[in-house]
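Beneath this line is the structure, given in structure tokens, with notes to follow.
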Amino acid sequence: MSNAKWYVVWEGKQTGIFTQWEDAKAQVHGHPGAKYQSFKTKWAAEEAFRVGPNSFQDLRSKVLPDKNPNSIAVDAACSGNPGVVEYQGVCTDSKSQLFHKKIEGIGTNNCGEFLAIVHALAWQKEAGVNRPIYSDSDVAIGWVKQKKCKTTLEKSKDTAPIFHLIERAEKWLEEHPVKPKILKWLTKDWGEIPADFGRKG
RNA sequence: ACAU
DNA sequence: CCATGT
Ligand SMILES: [Mn+2]
Ligand SMILES: [Mn+2]
């Protein structure tokens, strides 16, 4: 495999995951019954190594957690970080857009991800619905749970607009019960979150 | 390291 | 390669 960067050795002089073929080959050479394979990503290699040489191919279909299609997905994008921030929310199943906001001034990726979740909460309350909210951001999910945006962003004239929105979002969280489940979107298993802006390619 |  | 975060 031309792009392979990770080599799993399940049986050999030493087992493990190697980043160089020279190292993997040293475990396999002259070792009858050695089992090994190359992978393109670290994640694939780790999963394959953990599950063993015979079952790694079907592990995903057995263990892959299911996503709830009756849900909302949010995501933020940033032009520079810190930079110009926007976020949006979509229906997970259809990707139809529910809301979108481009924020004045500059902010961080994580501030955008945080505001996206809180916007989804407020939007749902306004719309009278209660569906799970998916975010791919551990940071933002944690901040919403704490009702506190722990950003390191410096305060300045350019960051004043987003800090105002953050303050408003934190206030909303303090004043309203958080009813919808806020769930981690498992990007490695499911691919990019449906609300993604698709600019990383 | 993990998640962006 | 840079940056934001736990
Ligand atoms: Mn994201
Ligand atoms: Mn994205």
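Predicted model, so just to flag it, every value in this text is computed and none were measured. Every heavy atom of this structure was used, including side-chain atoms; hydrogens, water molecules and symmetry mates were not.
Protein atom CZ of A:Phe114 is 16 Å distant from nucleotide atom C1' of B:rU4, rounded to whole Å. Put simply, CD on A:Glu47 is 12 Å from P on B:rC2, counting in whole angstrom units. One can place CD1 of A:Ile117 at 16 Å from P of B:rA3, the figure rounded to the nearest angstrom. In this structure, CG of A:Asn109 is placed 14 Å from C1' of B:rC2, rounded to the nearest angstrom. The interatomic distance linking A:Lys148 (NZ) with C:dG5 (C1') rounds to 16 Å, in whole Å. Spacing between atom CZ of A:Arg199 and atom P of B:rU4 amounts to 17 Å, rounded to whole angstrom units. For the pair A:Tyr87 OH and B:rU4 C1', the interatomic distance rounds to 18 Å; values are reported in whole Å. Counting to the nearest Å, the C1' atom of B:rU4 and the CG atom of A:Leu183 are 17 Å from each other.
Note: A:Tyr134 and A:Trp190 have perpendicular aromatic rings, judged against thresholds of 30 and 60 degrees for the angle between ring planes. The aromatic rings of A:Phe99 and A:Trp123 lie tilted to each other, with the angle between the two planes from 30° to 60°.
Side-chain N/O atoms of A:Thr187 include one lying less than 4.0 angstrom from OP1 or OP2 on B:rU4. One finds a side-chain N or O of A:Lys188 lying less than 4.0 angstrom from the OP1 or OP2 phosphate oxygen of B:rA3. Using a 4.0 Å cut-off, no side-chain N or O of A:Lys150 falls inside it from OP1 or OP2 of C:dG5. The shortest distance between the side-chain N/O atoms of A:Lys184 and the OP1/OP2 oxygens of B:rU4 is below 4.0 Å.
If you run side chain to side chain donor-acceptor pair (under 3.5 Å) between A:Lys171 and each of A:Glu167, A:Glu174, A:Glu175, only A:Glu175 comes through.
No side-chain heavy atom of A:Pro132 sits under 4.5 Å from any side-chain heavy atom of A:Ile182.
Taking the side chain of A:Glu113 as heavy atoms from C-beta on, and the options C:dG5, B:rU4, C:dA3, the nearest nucleotide is B:rU4. Each of B:rU4, C:dT6, C:dT4 was ranked by its minimum atom distance to the side chain of A:Trp143; first place goes to C:dT6. Comparing C:dA3, B:rU4, C:dG5 by their closest approach to the side chain of A:Thr108 singles out C:dG5. When distances run from any side-chain atom of A:Thr151 to the nucleotides B:rA1, C:dA3, C:dG5, the shortest one goes to C:dG5. Nearest nucleotide to the side chain of A:Asp75, out of B:rC2, C:dG5, B:rU4: B:rU4.
Backbone-only contact: A:Asp136 has heavy atoms under 4.0 Å from sugar-phosphate atoms and none from a base. Note on A:Lys42: only backbone sugar-phosphate atoms sit closer than 4.0 angstrom, heavy atoms only; bases stay farther off.
A donor-acceptor contact under 3.5 Å links the side chain of A:Asn81 to the base of C:dA3.
Of the N and O atoms on the side chains of A:His100 and A:Glu86, at least one donor lies less than 3.5 Å from an acceptor on the other residue.
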